[in-house]
Amino acid sequence: MVSFLLTVRLLCAYNKPMSQPNSCELEVLDLVPFGQTGNESRFFALRLGRPNWNIWCPGQFVMLRPHNFGLDIPWARPLAICHMTARHMICFFQVRGKGTRRMAELRPGDKVRVWGPLGNGFVMEPDTPTLLLAGGMGIVPFVGYVSEHLKPWNVSMLFGHREHISCYPVDSINEHIPVDSLREPENGDLDNFIYTIQERMREYAEQKGLVLACGPSPFLRTVQTFAAELGVRCQISLETRMACGVGACLGCVTKTTTAWPVGEKRERHVQVCTHGPVFWASQVAL
Amino acid sequence: MDLSVTLKGQTRDLVLKNPVLTASGTFGYGLEFVTYGDLSELGGIVVKGLSLHPREGNSSPRIIETTAGMLNAVGLQNDGVESFCLEKLPRLPWHKTSIIANIYAASVDEFAELAARLDQEEGVAALEVNVSCPNVKAGGALFGQDPALASSVTSAVRRAAPHKHIMVKLSPNVTDIALMARSVEDAGADSISCINTLLGMAVDIQTRRPSLANVVGGLSGPAIKPVALRCVWQVARAVKIPVVGLGGILTAEDALEFMLVGAKAVQVGTGNFMRPDCAFALTQTLPAVCERLGIDNLTSFCGSLQLDS
Ligand SMILES: Cc1cc2nc3c(=O)[nH]c(=O)nc-3n(C[C@H](O)[C@H](O)[C@H](O)COP(=O)(O)OP(=O)(O)OC[C@H]3O[C@@H](n4cnc5c(N)ncnc54)[C@H](O)[C@@H]3O)c2cc1C
Ligand SMILES: Cc1cc2nc3c(=O)[nH]c(=O)nc-3n(C[C@H](O)[C@H](O)[C@H](O)COP(=O)(O)O)c2cc1C
Ligand code: FES
């Protein structure tokens, strides 16, 4: 038991990511399509060799630049760390544009430049009732979160998604905690989903719990509003366009609120890649 | 192989342990990269553009990827010169590598004030003057697009920072870059770096909106290398002071192309985004690439382009 706890501690240094990020070249082990067969797949689990860092926190991410980007696609792409084992690292992505389309062409043996672990992960408080709110690909960091959590019975998840449930890595979460999933209708009648989010957040507010959310911006904005109304502690993970991932290009900035960080630094632009991607909902103006 | 270079200025020389610098705005304050390589192995670090007072920069989106390059309209967000001198500089290995402060201002007087402040800092080896900015107090023309304005900024900075090597960074967005180079040389510049970004634009035909909040932005990366090479070649032929080349450099081979046309040193910019150890890797591979090409002395290789066949 002691050694089990030690391993978990090593893998997840709770809220203090201590590993020094670095850059390395990893080999593609495999690329597994998710979702119904037949039409061209748009969801993939990418399994890479293990990077040379070993301390990470769920919610942290890596910048990933496959060799097949060539010179024409200059920027790496930010992807959450989905899962880490002794031998490999798994990322999970959806094809959205030219970069992820090129990533979908990767084959075993191909080389990928990866730097990380980057940013700050989600807080983990084993004894606090914790609600995970995931929208679409926002489910990815929670795969790592539930598998690293010491008391998964204190954690539950509400998952909103557009595509068929088989497109997402839900099974690896279901192994640890029950997942409540809601498929959003295409034509945008989101009332039911929004109502459910609010009701679940209210439950956690009453229990003095914790709410963690990851997903598209409109979804995060909704969560942020409810968190303020209900007074529940809440973290959200932001997605902004990133060129470097290390705090240098200043392309990924978001505006902070009057509440954070201090004095004359309020309402300033801060880099999502280094100050985030996970923020307390009250810290940022979306 | 001895890689050290001396940029012989009109007033002050700048000695670099090797010819590889990092470009302003692409390497933060250097501190962002300490886990990706040893800063003291670099020839120098040109820090993010500093202004007299902190600046918030433009609204987002500020950057967009383009084919083999990127556009940025960050708007020179920075914490201001005081914060740099007090909080960043002491943490940089300035006794082991050259720290070059890139400066930006809205008037000639402000440039002089900034330069005077940095002149007091032992840790700053040189100033790089970014003239690709508008003269807000006098009509908004870009300092770097008017030979008389560029010249007055250069001489003001020269006077205000007598202890420092003054490098003036030229914009490629001009009709005759050689003319600009000669006027800053005449005004007392110790060296010239070029090029800054090329003015560009990207739009979205779906939303019918510009891709950047600022509408236009600066193009950088491999896409601009041929333009940069041409500018460095023209400038190196036009002036006697040393030229530092940049624009799309990713590898040691790219760096040597700039040296062949006359650059004494180079800067790595957007390459640092493509992989954070880009400048470190370039520095490490340079000796082997020189050896493969039979270059045993970088100084004599610089500017050795053969024009007649
Ligand atoms: C911290 C973080 C973690 C992420 N984790 C995941 C993940 O685990 N799985 C996953 O599928 N996606 C994730 N994303 C989103 C993913 O990075 C984008 O879907 C991807 O960059 C799109 O690239 P593209 O070339 O296919 O799209 P294009 O639209 O062609 O990309 C053009 C540019 O915009 C950027 N961009 C486009 N959409 C986004 C977006 N939503 N967020 C940030 N940048 C974007 C691209 O990086 C690229 O620089 C994450 C984003 C961030 C910021
Ligand atoms: C995001 C970004 C920020 C930049 N900020 C500055 C700056 O503050 N001052 C400056 O003189 N040049 C700045 N530049 C220009 C670069 O230093 C360099 O001149 C230009 O990008 C061309 O080189 P490259 O193609 O190697 O990037 C910036 C470039 C980028 C991409
Ligand atoms: S991605 Fe470059 S500063 Fe955040």
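Since we're looking at a predicted model, the values are computed, not measured. As a basis for the values below, the full set of heavy atoms in this structure was taken, side chains included, without hydrogen atoms, waters or symmetry mates. Per chain, numbering begins at 1; letters A, B, ... match sequence-line order.
A centroid separation of less than 6.0 Å is found between the aromatic rings of B:Phe33 and B:Phe27.
With a 4.5 Å cut-off on non-hydrogen atoms, A:Lys98 touches chain B through its side chain but not through its backbone. If you measure heavy-atom distances from B:Ile64 to chain A, the contacts under 4.5 Å come from both the backbone and the side chain. Heavy atoms of B:Asn272 lying under 4.5 Å from chain A are absent altogether. The contact between B:Thr66 and chain A is made entirely by backbone atoms, counting heavy-atom distances below 4.5 Å. With a 4.5 Å cut-off on non-hydrogen atoms, A:Arg241 touches chain B through its backbone and its side chain both. Of the two parts of B:Thr26, only the backbone, made up of N, CA, C and O, holds a non-hydrogen atom closer than 4.5 Å to a non-hydrogen atom of chain A.
Comparing A:Val246, A:Asn22, A:Leu250 by heavy-atom pairs within less than 4.5 Å of chain B, the highest count is held by A:Leu250. Most heavy-atom pairs under 4.5 Å with chain B: of the set A:Asp72, A:Thr254, A:Thr274, this distinction falls to A:Asp72. Considering only heavy-atom pairs separated by less than 4.5 Å from chain A, the leading option among B:Gly271, B:Pro276, B:Gly37, B:Gly28 is B:Pro276.
Looking at B:Leu21, B:Val244, B:Thr97 one by one, the single match for side-chain contact (heavy atoms from CB on, under 4.5 Å) with B:Leu16 turns out to be B:Leu21.
No donor-acceptor contact under 3.5 angstrom links the side chains of A:Gln94 and A:Glu163, judged on distance only. Of the N and O atoms on the side chains of B:Glu128 and B:Gln267, at least one donor lies less than 3.5 Å from an acceptor on the other residue. Side-chain contact check for B:Arg62 and A:His269: at least one donor-acceptor pair (N or O, by modelled atom type) lies under 3.5 Å.
A donor-acceptor pair is defined here as one N or O able to donate and one able to accept, closer than 3.5 Å; such a pair exists between the side chain of A:Arg50 and the backbone of A:Thr85.
Using a 4.5 Å heavy-atom threshold, the side chains of B:Asn173 and B:Leu142 count as separate.
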